[in-house]
Protein chains: 4
Amino acid sequence: MLKRLPRVVREQQMLDAAVKVFADRGFHAASMDEIAEVAGISKPMVYAYLGTKDELFIACLQREATRLLETVAAGVLPAATPDEQLWNGLRSFFTFVGAHRDGWRVLYRQARSEPHFAGELAGMRARIVEVVAGLLESACAAAAVPARPGDFVAMAYAYVGAAESLADWLADHEEEDPEQTATRMMNFVWIGAESLLQGRVWRA
Amino acid sequence: MLKRLPRVVREQQMLDAAVKVFADRGFHAASMDEIAEVAGISKPMVYAYLGTKDELFIACLQREATRLLETVAAGVLPAATPDEQLWNGLRSFFTFVGAHRDGWRVLYRQARSEPHFAGELAGMRARIVEVVAGLLESACAAAAVPARPGDFVAMAYAYVGAAESLADWLADHEEEDPEQTATRMMNFVWIGAESLLQGRVWRA
Amino acid sequence: MLKRLPRVVREQQMLDAAVKVFADRGFHAASMDEIAEVAGISKPMVYAYLGTKDELFIACLQREATRLLETVAAGVLPAATPDEQLWNGLRSFFTFVGAHRDGWRVLYRQARSEPHFAGELAGMRARIVEVVAGLLESACAAAAVPARPGDFVAMAYAYVGAAESLADWLADHEEEDPEQTATRMMNFVWIGAESLLQGRVWRA
Amino acid sequence: MLKRLPRVVREQQMLDAAVKVFADRGFHAASMDEIAEVAGISKPMVYAYLGTKDELFIACLQREATRLLETVAAGVLPAATPDEQLWNGLRSFFTFVGAHRDGWRVLYRQARSEPHFAGELAGMRARIVEVVAGLLESACAAAAVPARPGDFVAMAYAYVGAAESLADWLADHEEEDPEQTATRMMNFVWIGAESLLQGRVWRA
DNA sequence: TATGAATGAGAATTCATTCAT
DNA sequence: GATGAATGAATTCTCATTCAT
């Protein structure tokens, strides 16, 4: 009944549908039936192209993670100062999350809560942490401060966690501005509570 | 076949089992069968005492949230300076999370990923954020700095996320000390990256 | 809606139904739905008591194989001469097959044709071959004839195969008499074609 | 994408693939997808050339049955004595089965177990039994022994079963020689257990 | 109180089969 | 002649939930 479309196109349609349904319903509550229906295609096609429900979910994860990483990477200028880099990275990040709330929900909320996908998720987070730790390290080197390498990773974890959490919050608050969220994060991360609570703020 | 036990005791057994299974498997993948089995009790009893699966989950959520809040609250001395309060709060938090790995963190994650529990969750979130935001606000007031209330909530989010992420990291690094993790968090939160990267650190 | 019956009873009902349906339709074409319906019970009960379709099939196999082996063993008198033992064994065997045509069909026809159950079946056949080879060996010893041990097993295989094949044929021919089939087999096995074709026959 | 080949060649390729897959997986578990893939051809071609799955299976059956019959028939010399005929027939049979294990499995094991193909199978069985029974009958006539026709069919069944079983055994014992297996069968069939157990053997 | 027995409903997954190109 | 795209229809299996005892 349906127009014949080339595989690549259909796969994207399916991934779009899957991301939406997973985000709306949660992994388990999402049914392959609904995904197929939203994609405007029959279930067997989904299986034929993207495999089982697990594989489909992982495909979603990967597509969204890659998009996110690419967006953030594109936002950071190599030549900038550390706090400019951080600011740009955060802004790209929150803007992306604001624009792809579904993708983010799938990526972090669902994946995190399903012990089943812990491994997959850990890998993705590791990629991100690595990037952030690298930024910190080079910033530190620029400041000629001696540091133990392990510390950067721990800090990076804390940063990423904070960002994830704020992003999560952003995803639930339509009215909130991504830019403002990024500013908050900058204050939080860069300035520190002590100074913040003394009235100091960070400005782009 | 089981010894007759007073209702309250039985209910705690069930909640213990439920928390464990929900944490291990995730909300959907957890089956009432397994919960009953782990509790060492028959399924109909679970229904009789704690109602449907949804209700059971909410009961778990509430118990764990309360425990966490009470622990953290107990650790904070009202008369201390803001950074001492923060330090004590964080230390209580990490200790609790380390000791109850099954509890709050996991349940919170589950709850978040099930759109179904949005309502329930909002209430609890509010209680916790209220506590953390309260800390921040009073610190701020002490410093006589004007602040917008919404900001505290966002900050609280970022803190909790960072703490969670570090807790995760802690779980993966046996050699790491909870106390040291709390210190890291203090540095991160209190001092801020800017100063940190210039070599400044926080000391208890 | 159904009368509550103890587990043991229900299990037998289910096995009866399963044997019948497997025999009628073949393993793959048999549906769990139909088996449950024939057993007069709902599908989940079948899964609860007897496990998956594969496990259910194996349970059928084992019940039928055990019944068969016990029947045959009971028919053989230890003190008899070799040909009497053989005759009694064969008579028991064919009588059993004649009386439980469904069981036999499940046992040998289905199991054999599903590569999946090759292992299970091989084990059962090995048990039988062992018994037969033992009979042959003791008969040979009684006749003081020197023999290589391996030969008995090969012979036993041939006998068992012949008997299986005749039993299969019997299962398809309602009009055929088990006793007569056993006689045929005796002639075939004991007398040999050469003598048979010269008009000699075996008599009980 | 494939070289255009004459229809007859393509059909043989498909049948080869189908026989292999049916033999490996069993009729139901065999998928048209796999058959097409093994044949190196797309599914619609299989349908275009050989029809539905059932029809395809029957085509396999017919080809294999014909091959077997022709091989055995070609091995038997009309002018020989009965035991020479039998010996030659058995030798041809075991050699064929050894060389076309897949075909044999499809023919006897799969077809037998699918009630669905009962009709088809009956016809083939009749052709084979007719050949074997014919051999027996003419041997019997040569010996001027009166016999009931029904007996030959039953005997033929027993023979075929014994041969199958030995063939199976042969398949599991690489070191065993087909020729020797045929000799075993000759002893079994021609000489009979009684004489065998008294030390008599058959020699070509 | 306590539980073994029982089920309705729904989920994932697979397959033979057919079009449109 | 040849194939990638597409699907209707089953089928296995699981689970929350409830009775009858």
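Naming convention: chains lettered A, B, ... in sequence-line order (proteins, then strands); numbering from 1 in each chain. All heavy atoms count here, side chains included; hydrogens, waters and symmetry mates do not.
For the atom pair NE2 (H28(A)) and CZ (F22(A)), the distance works out to 10.5 Å, reported to the nearest 0.5 Å. Taking CZ of F57(D) as the start and CD of Q110(D) as the end, the distance is 6.0 Å to the nearest 0.5 Å.
Side-chain nitrogen and oxygen atoms of R7(C) include none within less than 4.0 Å of the OP1 or OP2 phosphate oxygen of dA6(E). Contact annotation: R10(B) side-chain N/O to dT1(E) OP1/OP2 distance is not under 4.0 Å.
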What does the B/S/- profile of nucleotides 14-21 of chain E look like, 5' to 3', with a 4.0 Å heavy-atom cutoff to protein? BBSBBBB-
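Of the possible polar contacts, none joining the E70(C) side chain to the R67(C) backbone as a donor-acceptor pair under 3.5 Å is found. In this structure, the side chain of R112(A) does not engage the main chain of R109(B) through any donor-acceptor pair within 3.5 Å. With hydrogens and angles disregarded, a donor-acceptor distance shorter than 3.5 Å links the side chain of K53(A) to the backbone of F27(A).
Between the CZ atom of R25(A) and the C1' atom of dA11(E) there is a distance of 14 Å, given to the nearest Å. Here the C1' atom of nucleotide dT7(E) and the OH atom of Y49(C) are 12 Å apart, to the nearest Å. In this structure, M14(B) atom CE and dT3(E) atom C1' are separated by 12 Å, rounded to whole Å. Between the CD1 atom of I41(B) and the C1' atom of dT1(E) there is a distance of 11 Å, rounded to whole Å. When rounded to the nearest whole Å, the span between CD of E37(C) and P of dT12(F) equals 13 Å. Taking atom CD of residue E55(C) and atom P of nucleotide dT12(F), one finds them 14 Å apart after rounding to whole Å. To the nearest angstrom, P of dA6(E) lies 11 Å from CD of E11(C). One atom, CG of L50(B), and another, P of dA16(F), lie 15 Å apart when rounded to the nearest Å.
Residues Y49(D) and R7(D) approach most closely at O-NH2, 3.5 Å, considering heavy atoms. Minimum interatomic distance between P115(C) and D24(D) (heavy atoms only, all atoms of both residues): CG-O, 3.3 Å.
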DNA chain F in dot-bracket, Watson-Crick or G-U pairs under 3.5 Å, [ ] crossing, | other strand? .||||||||||||||||||||
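For the side-chain contact (heavy atoms from CB on, under 4.5 Å) with L107(B), the lone residue among E64(B), R63(B), Q62(B) that qualifies is E64(B).
Around the CZ atom of R101(C), the shell of radius 6.0 Å holds more than 12 heavy atoms that belong to other residues, nucleotides or ligands.
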